[in-house]
Amino acid sequence: MNAAAGARRRWVVKIGSTLVTNDGRGFEPEGIGRWVAQMVALRAQGVDVVLVSSGSVAEGMSRLGLPRRPEALYELQAVAAVGQMGLVQAYESCFQHHATHTAQVLLTHEDVSDRGRYLNARSTLRQLLRYGVVPVINENDVVATPEVRLGDNDTLAGLVANLVEAELLVILTDQPGLFDRDPRADPAARLVECGRAGDSTLDAMAGAGGVLGRGGMRTKLRAAALAARSGTPTRIVSGREPDVLGRLLAGEPIGTRLEPGQAPLGARKQWLAGQLSVRGRLRIDEGAARVLVESGRSLLAVGVRAVEGEFSRGEVVACFDPSGAEVARGLVNYDAGETRRIMGRRSERIAELLGYVGAPELIHRDNLVLMLD
C-alpha cells in the first residue's frame with residue numbers, strides 16, 4: 001500500500017459500539033484517546049482518515065439507564081439523539097488534544113443513493129479532508145425512516161468507502177477477525193486471515209450481532225462487499241490490539257483481510273459504466289478529449305460543443321469526441337439546461353451565467369472513467 005510521493009492516502013476507519021462504550025458501560029475516555037492518537041499518527045504519515053463511529057444508541061442507553069436496546073424505531077431515535085451528544089463530545093475532546101479539528105457528519109440512505117446528494121456529500125467530505133479535518137460520521141438515526149434506514153454503521157462504512165474512494169476500510173471490532181466457526185462455542189475455530197469480499201462461503205462462518213450493536217460479523221462482510229465495488233479492500237481487526245492502525249500501515253498481517261475482486265479503476269468503471277444508465281450525451285472538442293485521455297483531468301464546460309438529452313445533476317452522461325467515439329462517462333455537476341448555458345464557456349463565467357457555482361468542473365476527474373481501453 002505504497003502511495004506516490006507527495007500523495008495523501010485515504011482510509012475509512014469504523015469503530016464498533018462495544019469498543020467505544022466499554023462493553024456498554026459508557027464511553028471509555030482512555031480507549032477513545034488511544035484510537036484517536038493512532039488516527040492522528042496516520043494523518044502525520046500522509047493518510048487522511050474518515051471515521052465512522054457507532055455508539056450513539058449505546059451511549060444513550062447508558063445515559064438514560066436503559067437495561068436493553070429499545071425495539072420501537074421512535075424509541076431508538078430518541079435514545080440515539082441523546083447518545084449522539086456524548087459521541088461527538090468524546091471525539092472532539094480527544095482530537096482537540098492533538099490540535100485536530102473534527103466535523104460531525106450525519107448521513108441517511110438517501111444521501112448515498114440519490115446521485116445529487118451523493119455528489120454533495122462527496123464534495124463536502126473531500127473539502128473537510130482538504131481543511132485537515134477528521135469527519136466523524138454516523139447514520140442520522142433521528143430522521144431516518146424504516147424504509148430508508150441503512151440499519152447499521154458497518155453498512156454505512158462500506159458506502160462511505162465508495163463515497164470517498166478509500167484505499168482501505170478498517171473495521172475495528174471486539175473480535176480478532178472472522179473465524180471459520182464461532183470461537184465462543186468452538187475453541188478449535190481458526191482465524192480467516194484472507195478472503196475475497198462478497199464470497200458467499202464466508203457468510204456461513206459469520207455469527208449474529210450482540211446486544212449493543214445491530215450487526216455482527218455478517219454486516220462486516222456486507223460492508224466489505226460494498227467497499228469492494230470501488231476496489232477498496234477491508235481489514236477486520238480487534239480494536240483492542242495495541243497500535244492496531246499503525247501496525248496495519250506498516251503492513252503487519254493482523255486480523256482478516258478481504259480483497260475486492262477488481263482493482264479500483266476496474267471496479268469504479270464497472271459501477272459507472274454498467275450499473276448506472278447513461279442519461280445524456282456531451283459532444284466535446286478534440287482538445288477536451290485529448291486532455292481527458294492523455295492527462296486524466298476533469299472535463300470543463302469550455303470543451304463541450306453540444307448537449308444531447310435531458311439529465312439532472314449527478315446523473316451519468318457519456319462524452320463523445322468529434323469522430324463519434326465514446327471517450328468517457330461520469331457524474332455531471334450540472335443539469336442539461338445549465339450545461340447548455342455554460343458549454344463552450346470558461347469556468348470563471350459559470351457564476352455570471354447561472355447565478356451560482358456548483359463546481360468549476362462539468363465532470364470532476366474522480367467521477368469520470370475513460371472508455372477507450
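The figures here come from the full heavy-atom set of this structure, side chains too, leaving out hydrogens, waters and symmetry mates. Remember, predicted model here, so these are calculated numbers, not experimental data.
Shortest non-hydrogen contact noted between Gly55 and Val20 is CA-CG2, 3.8 Å. Arg181 approaches Ala188 most closely through the heavy-atom pair NH2-O, 3.1 Å. Annotation for Asp243 and Gln38: closest pair C-OE1, 3.4 Å, computed over non-hydrogen atoms. The heavy-atom pair separating Ala157 from Val12 by the smallest distance is O-CG1, 4.0 Å. Residues Val57 and Ala80 share a closest heavy-atom pair of CG2-CB, 3.9 Å. Ser54 approaches Gly16 most closely through the heavy-atom pair CB-C, 4.0 Å.
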Exercise. Run the numbers on Arg229 and Asn162 for side-chain contact (heavy atoms from CB on, under 4.5 Å), then give the verdict.
Key: CA-CA 7 Å; Arg229 297 190 308 184; Asn162 292 155; 3.0 Å; yes

Quiz item: Going through the distances and angles, do Glu165 and Arg10 end up as a salt bridge (charged side-chain N to carboxylate O under 4.0 Å, His left out)?
Solution: CA-CA 8 Å; Glu165 292 179 73; Arg10 189 172 302 139; over 6 Å; no

Quiz item: Under the side-chain contact (heavy atoms from CB on, under 4.5 Å) criterion, do His97 and Val36 qualify, and how do the steps go?
Solution: CA-CA 10 Å; His97 181 71; Val36 166; over 6 Å; no

Exercise. Go through the steps to decide whether Leu249 and Arg9 satisfy the test side-chain contact (heavy atoms from CB on, under 4.5 Å), and finish with yes or no.
Key: CA-CA 11 Å; Leu249 184 63; Arg9 301 150 67 181; 3.7 Å; yes

Quiz item: How far apart are the C-alpha atoms of Arg122 and Asn367, what are their side-chain angles, what is the distance that settles it, and do they pass the side-chain contact (heavy atoms from CB on, under 4.5 Å) test?
Solution: CA-CA 10 Å; Arg122 175 186 174 85; Asn367 291 323; 3.2 Å; yes

Between side-chain atoms of residues 349-364 and protein atoms elsewhere (two or more places apart, or another chain), which donor-acceptor pairs fall under 3.5 Å?
{"residue": "Arg349", "atom": "NE", "partner": "Glu352", "partner atom": "OE1", "Å": "3.2"}
{"residue": "Arg349", "atom": "NH2", "partner": "Glu352", "partner atom": "OE2", "Å": "2.7"}
{"residue": "Tyr356", "atom": "OH", "partner": "Glu338", "partner atom": "OE1", "Å": "3.3"}
{"residue": "Tyr356", "atom": "OH", "partner": "Glu338", "partner atom": "OE2", "Å": "2.9"}
{"residue": "His364", "atom": "ND1", "partner": "Asp366", "partner atom": "N", "Å": "3.0"}

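Val317 and Val307 fall within a single hydrophobic cluster, where Ile, Leu, Val, Met, Phe, Trp and Tyr side chains are chained together by heavy-atom contacts under 4.5 Å. No path of Ile, Leu, Val, Met, Phe, Trp and Tyr side chains, each step under 4.5 Å between heavy atoms, connects Phe179 with Leu172, placing them in separate hydrophobic clusters. Val291 is not connected to Val293 by any chain of hydrophobic side-chain contacts under 4.5 Å among Ile, Leu, Val, Met, Phe, Trp and Tyr, and they are in different clusters. Cluster annotation: Leu64 and Met61 are assigned to the same hydrophobic cluster (Ile/Leu/Val/Met/Phe/Trp/Tyr, side-chain heavy-atom contacts under 4.5 Å, transitive). Under the 4.5 Å side-chain heavy-atom criterion for Ile, Leu, Val, Met, Phe, Trp and Tyr, Val52 and Leu163 are members of the same hydrophobic cluster.
Using a 4.5 Å heavy-atom threshold, the side chains of Val170 and Val244 count as separate. Between Arg257 and Leu168, some side-chain heavy-atom pair lies under the 4.5 Å cut-off. Taking the side chain as every heavy atom from C-beta outward, Tyr334 and Arg313 never approach each other to under 4.5 Å. The shortest distance between side-chain heavy atoms of Trp35 and Leu51 does not fall below 4.5 Å. Glu241 has its side chain out of reach of Pro176: every pair of non-hydrogen atoms, C-beta onward, lies at least 4.5 Å apart. Looking at Met217 and Asp154, their side chains never come closer than 4.5 Å, going by heavy atoms from C-beta outward. At a threshold of 4.5 Å between non-hydrogen side-chain atoms, the residues Leu248 and Trp11 count as touching. Considering only heavy atoms from C-beta on, Arg222 stays 4.5 Å or farther from Arg218 through its side chain.
Here the straight-line distance linking atom CG of Leu292 with atom CG of Leu370 works out to 7.0 Å at 0.5 Å rounding. Note that CE of Met343 is 13.5 Å distant from CD1 of Ile284, once rounded to the nearest 0.5 Å. With rounding to the nearest 0.5 Å, the separation of CZ in Arg34 from CZ in Arg240 is 9.5 Å. Going from atom CZ of Arg329 over to atom CZ of Arg279 covers 13.5 Å, rounded to the nearest 0.5 Å. Atoms CG and OG1, on Leu156 and Thr219 in that order, are 11.5 Å from each other to the nearest 0.5 Å. Atom-to-atom distance recorded for Ser53:OG and Lys14:NZ is 8.0 Å, nearest 0.5 angstrom.
Atom CZ of Arg43 has more than 12 neighbouring heavy atoms from other residues, nucleotides or ligands inside a 6.0 Å radius. Around the CD atom of Glu30, the shell of radius 6.0 Å holds no more than 12 heavy atoms that belong to other residues, nucleotides or ligands. Around the CZ atom of Arg190, the shell of radius 6.0 Å holds no more than 12 heavy atoms that belong to other residues, nucleotides or ligands. Around atom CZ of Arg305, more than 12 heavy atoms belonging to other residues, nucleotides or ligands sit under 6.0 Å away.
Checked by atom type and distance alone, the side chain of Thr234 never pairs as donor or acceptor with a backbone atom of Leu258 at under 3.5 Å. A donor-acceptor pair is defined here as one N or O able to donate and one able to accept, closer than 3.5 Å; such a pair exists between the side chain of Thr339 and the backbone of Asp335. For Arg69 (side chain) and Leu76 (main-chain N/O), no donor-acceptor pair under 3.5 Å exists by modelled atom type.
No option in Leu282, Val304, Val332 other than Leu282 meets the side chain to side chain contact (heavy atoms under 4.5 Å, CB included) test with Cys319. Across Val49, Leu42, Val237, a single residue satisfies side chain to side chain contact (heavy atoms under 4.5 Å, CB included) together with Leu245, and that is Leu42.
Among residues two or more places apart in sequence or in another chain, the side chain to side chain contact (heavy atoms under 4.5 Å, CB included) test is passed with Val105 by Leu107, Leu125, Leu128, Pro135, Ile137.
With 3.5 Å as the limit, one finds a donor-acceptor pair spanning the side chains of Thr102 and Glu92. For the residue pair Gln96 / His101, a side-chain donor-acceptor distance below 3.5 Å is found, with atom types taken as modelled.
Between Glu310 and Arg340 there is a salt bridge, since at least one side-chain N of the basic residue sits less than 4.0 Å from a carboxylate O of the acidic one.
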